[in-house]
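Single-structure report; data block below.
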Amino acid sequence: MKYNIIEEKGKIILKDIKNFEPKHIFECGQAFRWKVEEDKSYTTVAYGKVLNVKKENDDIILSNTNIEDFNNIWYNYFDLDRDYDEIKKELSKDPILDEAIKFGEGIRILNQEPFEMVISFITSANNQIPRIKRSIELMSKHYGEKIVPGEQEYYSFPTAENLSNAKPEDLKEICKVGFRGERIVQTARIIANGELDLNSIYNLTRDEGKELLMTLPGVGPKVSDCILLFAFNKDDAFPVDVWVKRVMEHFYLKEDTNVKLIGTHGARIFGNLAGFAQQYLFYYARELGIGK
DNA sequence: ATCCAGGCCTGTG
DNA sequence: CACAGGCATGGA
């Protein structure tokens with residue numbers, strides 16, 4: 001990445017940075033906790049911190065942070081070590097990806113917190129994105145930790161310990177997670193117990209990590225791929241949801257198929273960049289309503 | 001009203 | 001192994 005870092009009080013400024021468009025990154029479906037503000041900046045809670053991100057011309061301004069947190073947390077969170085020019089150059093050889101990349105040219109794939117991804121994508125099953133976001137906010141508010149950096153209150157995403165002690169009925173009634181309540185508590189318990197060590201997945205392949213994650217209640221083929229891609233940096237993961245199914249059938253298969261076939265097809269044509277391809281395609285398809 | 005949403009689980013053939 | 005049907009919830 002070619003950019004200059006400027007440190008001001010409470011801010012880190014990334015000067016002249018490419019491949020970083022907040023709207024694309026935060027609204028492409030990989031993250032559920034970024035809220036757009038009136039000034040078009042975005043705010044989230046992650047790693048126990050509140051962070052605001054604003055784009056001004058070709059600069060990105062990170063507010064309520066400092067150089068230590070930037071180096072220790074946000075540099076990796078925003079995947080700043082990766083050369084997106086190279087990825088886009090390779091994927092653009094495919095004419096359909098070329099269009100999708102033009103549409104979401106500023107997408108980056110974040111490296112988010114494993115437990116939060118596990119629960120968030122369990123919550124996503126047969127659900128709608130606005131409802132998923134609402135349930136995640138409610139879980140954070142009721143089971144997370146309060147953070148007050150200024151005038152406003154924020155809540156961190158709950159720990160496995162805290163969620164393992166929640167009652168499924170409460171998750172349903174208070175957090176509106178529906179039938180996913182039991183799965184959330186059971187999975188939180190397995191992780192809180194240490195029965196499954198999420199950190200071990202960093203050192204596994206996609207297939208190995210997938211096999212392990214799918215032992216968790218509520219985690220199947222699609223949810224596991226999301227967790228592997230959005231938390232564990234497995235770039236060959238290719239989550240196939242209704243939108244990816246639609247866009248792949250519309251542009252590539254030209255017929256009605258099934259998610260399993262699309263998964264193998266995606267792996268074959270996109271290879272070790274499948275995760276990036278999926279994210280460009282998902283954003284493109286959902287924003288434009290392709291195949292619906 | 002019926003259908004559907006970033007699917008998964010369980011039971012059947 | 002493939003394939004239904006069910007599942008909470010609420011907006012279209």
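Remember, predicted model here, so these are calculated numbers, not experimental data. All chains are named by letter (A, B, ...) in the order of the sequence lines, taking the proteins before the strands, and each is independently numbered beginning at 1.
A/Glu182 comes within 4.0 angstrom of no nucleic acid atom, judged by non-hydrogen atoms across all strands. Across all strands, A/Tyr283 comes closer than 4.0 Å to no nucleic acid atom at all (heavy-atom distances). Nucleic acid contact for A/Gln30: base, since at least one base atom lies under 4.0 Å from a heavy atom of the residue. Using a 4.0 Å heavy-atom criterion, one finds that A/Arg286 contacts no nucleic acid atom at all.
Side chain of A/Arg131, nearest nucleotide from C/dG10, B/dA5, C/dC7: C/dG10. Listed nucleotides: C/dG10, C/dC7, B/dC8. Nearest to the side chain of A/Phe179: C/dC7. Residue A/Arg246 places its side chain closer to B/dA5 than to any other of B/dA5, C/dG10, B/dC8. When distances run from any side-chain atom of A/Val242 to the nucleotides C/dA8, B/dA5, C/dG10, the shortest one goes to B/dA5.
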Between protein and nucleotides 9-13 of chain B, what N or O pairs are separated by less than 3.5 Å?
{"from": "B/dC9", "atom 1": "OP1", "to": "A/Gly218", "atom 2": "N", "distance (Å)": "2.9"}

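Between atom CD of residue A/Gln279 and atom CD of residue A/Gln30 there is a gap of 5.5 Å, rounded to the nearest 0.5 Å.
Distance, A/Phe282 CZ to B/dG7 P: 9 Å, rounded to whole Å. Atom-to-atom, CG of A/Asp225 to C1' of B/dC8 comes out at 14 Å; the value is rounded to the nearest Å. Here the C1' atom of nucleotide B/dC8 and the CG atom of A/Leu213 are 14 Å apart, to the nearest Å. Look at CG on A/Asn126: it is 13 Å from P on C/dG6, rounded to the nearest Å. The interatomic distance linking A/Arg180 (CZ) with C/dG6 (C1') rounds to 13 Å, in whole Å. The nearest whole Å value for the distance from the CD1 atom in A/Ile132 to the C1' atom in C/dA8 is 14 Å. Per the geometry, CG belonging to A/Asn127 stands 13 Å off C1' belonging to B/dC8, to the nearest Å. In this structure, A/Ile227 places its CD1 atom 14 Å from P of B/dG7, rounding to the nearest Å.
For the OP1/OP2 pair of C/dA2 and a distance below 4.0 Å, the side-chain nitrogens and oxygens of A/Lys260 include at least one atom meeting the criterion.
C/dG10 and B/dC8 are spaced 22 Å apart, taking the P atom of each and rounding to whole Å.
By the 30° and 60° cut-offs, the orientation of the rings of A/Phe232 relative to A/Tyr202 is perpendicular. Between A/Tyr84 and A/Phe276, the ring-plane angle classifies as perpendicular under the 30° and 60° cut-offs. Ring geometry, A/Phe26 versus A/Tyr42: the interplanar angle falls from 30° to 60°, so the pair is classed tilted.
Other residues sharing a hydrophobic cluster with A/Val50 under the 4.5 Å side-chain heavy-atom criterion for ILVMFWY residues are A/Val45, A/Ile147, A/Tyr154.
A salt bridge does not link A/Lys210 to A/Asp207: none of the charged side-chain nitrogens sits closer than 4.0 Å to a carboxylate oxygen.
Side-chain atoms of A/Lys88 and A/Asn19 form a donor-acceptor pair, as typed in the model, at a separation below 3.5 Å.
Within 6.0 Å of NZ in A/Lys54 there are more than 12 heavy atoms belonging to other residues, nucleotides or ligands.
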